[in-house]
Structure formats: structure tokens, C-alpha cells
Amino acid sequence: MTLLNYWHFITFGVIFLIFIAGAIGAMKQDEAKIKVGMFISVAVVSLFLAGFSVIVVDKYTKVVELYKLKNKRLLSTEQIVYTGIVRNEGKHKIGTVTFEIKLVNRGHATGNVKGGNFYKASGFFDFFTSGFNKINKPQTVTKEFVVATNLKAGTSQAFRVYFRYPPYFRSTAQFSKVWGH
């Protein structure tokens with residue numbers, strides 16, 4: 001759930017004034033076709049502006065930083081554990097903080113690129129059916145977790161997330177990011 005702050009309401013108020021001005025302009029037209037067309041256009045533009053303004057205001061008022069990110073593999077359960085701290089660096093409350101981790105298998109992001117990493121020989125029949133009982137081994141794994149809710153301005157919260165680690169990964173590169181809604 002997105003928490004709205006006073007900047008959201010200010011932008012909604014400006015967009016509502018634009019909508020009212022456009023609707024008044026549409027009603028002053030003589031032809032019915034022009035009235036309807038102008039009213040629909042103003043309504044669509046106002047809805048677009050409202051949606052876009054939520055994204056823009058969230059980007060500049062809900063600032064989250066990630067600190068002390070660590071990982072540890074649990075070989076007995078074939079899982080990986082990520083721990084860290086998220087901090088609300090902005091001046092407004094954040095509804096949900098999402099943590100995303102992207103793991104890339106050997107070579108694709110670490111500079112160790114060989115032809116075998118990208119090209120896999122396959123038959124003509126595999127092109128259409130992806131093979132019979134063929135196991136797909138993705139080389140990139142992306143996971144998203146909600147790690148904090150209702151994070152107040154200036155506060156931090158520790159988190160811990162688990163997920164299955166692909167056993168065929170070697171020399172993994174990891175990319176992480178957090179954002180607030």
C-alpha cells in the first residue's frame with residue numbers, strides 16, 4: 001500500500017484544478033462532438049498526470065538506503081541467506097520497503113565470458129518444442145522481498161531473507177537494490 005504525504009495531495013490538487021479548467025473549457029463549446037471529445041481528452045490527461053505524479057513524488061520523497069548487506073550459504077539446505085539493514089533517509093513515512101537481489105552465474109557479469117556460456121547447441125526439434133523432459137537452468141535469478149513496512153522517517157530496520165540457491169551456480173555476481181512505496 002502506498003502511503004500518501006502532503007506532496008501527493010498538493011499535486012492532486014493542481015491536477016484537479018487543471019481538470020476543472022479543461023471541463024469548463026469543454027462545456028463552453030457549441031458542438032456536442034467537440035464537448036465530448038474535449039472532456040474525454042482532459043479526463044485522460046488528468047488521469048495520466050495523476051498516475052505519473054504518484055511515481056515522481058514517491059521517487060523524491062521516499063528515499064531508502066541499504067546498509068551492511070551480507071550473505072551466507074546454507075549448504076545443508078541449499079539456501080542462501082541475505083541479512084542487512086534498510087534505513088528511511090527521507091522525511092516521510094514509507095509503506096513498504098522492497099529488497100531485490102539478482103544473482104548472475106559465472107562469466108556473464110564478472111568478465112569471465114566464454115562462448116559456451118551463451119551458446120548452447122540444440123537440434124532443430126528443440127527449436128520448436130524446447131526438447132522433451134529438458135531441464136531449464138536459468139543463468140540469472142532475481143528475487144524480491146518486502147523487508148519492512150510502515151518505516152518512519154529516520155528509522156532503520158534489520159532484515160533476513162532466505163531463498164533456494166541454484167546448485168549449478170559458480171563464481172556468482174550479485175546485484176542488490178531497495179526501494180520504497
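Side chains are part of it too, since the values below use all heavy atoms of this structure and drop only hydrogens, waters and symmetry mates.
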Not counting sequence neighbours, list each pair that qualifies as a salt bridge (charged side-chain N to carboxylate O under 4.0 Å, His left out) and has a residue in residues 90-104. Glu100-Lys177
Apart from Ile15 itself, which Ile, Leu, Val, Met, Phe, Trp or Tyr residues share its cluster (side-chain heavy atoms under 4.5 Å, direct or through members)? Val45, Leu49
Asn88 side-chain N/O to His92 backbone N/O, donor-acceptor pair under 3.5 Å: yes
Once side chain to side chain donor-acceptor pair (under 3.5 Å) is applied, do any residues pair with Ser156, and if so which ones, sequence neighbours excluded? Arg87
Looking only at non-hydrogen atoms, find the nearest pair between Val64 and Gly180 and report the distance. CG2-N, 3.9 Å
Applying side chain to side chain donor-acceptor pair (under 3.5 Å), name anything that partners Gln29, two or more places apart in sequence or on another chain. none
Are Gln174 and Tyr82 close enough that some pair of their side-chain heavy atoms sits under 4.5 Å apart? yes
Quick one: pull up OG1 in Thr172 and CD in Gln139 and give me the separation to the nearest 0.5 Å. 10.0 Å
Is there a side-chain contact between Ile80 and Phe163 (heavy atoms, below 4.5 Å)? yes
According to side chain to side chain donor-acceptor pair (under 3.5 Å), who are the partners of Ser53, at least two apart in sequence or on a separate chain? none
Determine whether Tyr165 and Glu78 satisfy the following criterion, side chain to side chain contact (heavy atoms under 4.5 Å, CB included), listing intermediate values before the conclusion. CA-CA 6 Å; Tyr165 187 82; Glu78 291 186 4; 5.7 Å; no
Which hydrophobic side chains are connected to Val56, either touching it within the sub-4.5 Å cutoff or through other members that do? Phe52, Tyr60
Hey, is the main chain of Gly37 close enough, under 3.5 Å, to the side chain of Ser41 for a donor-acceptor pair? yes
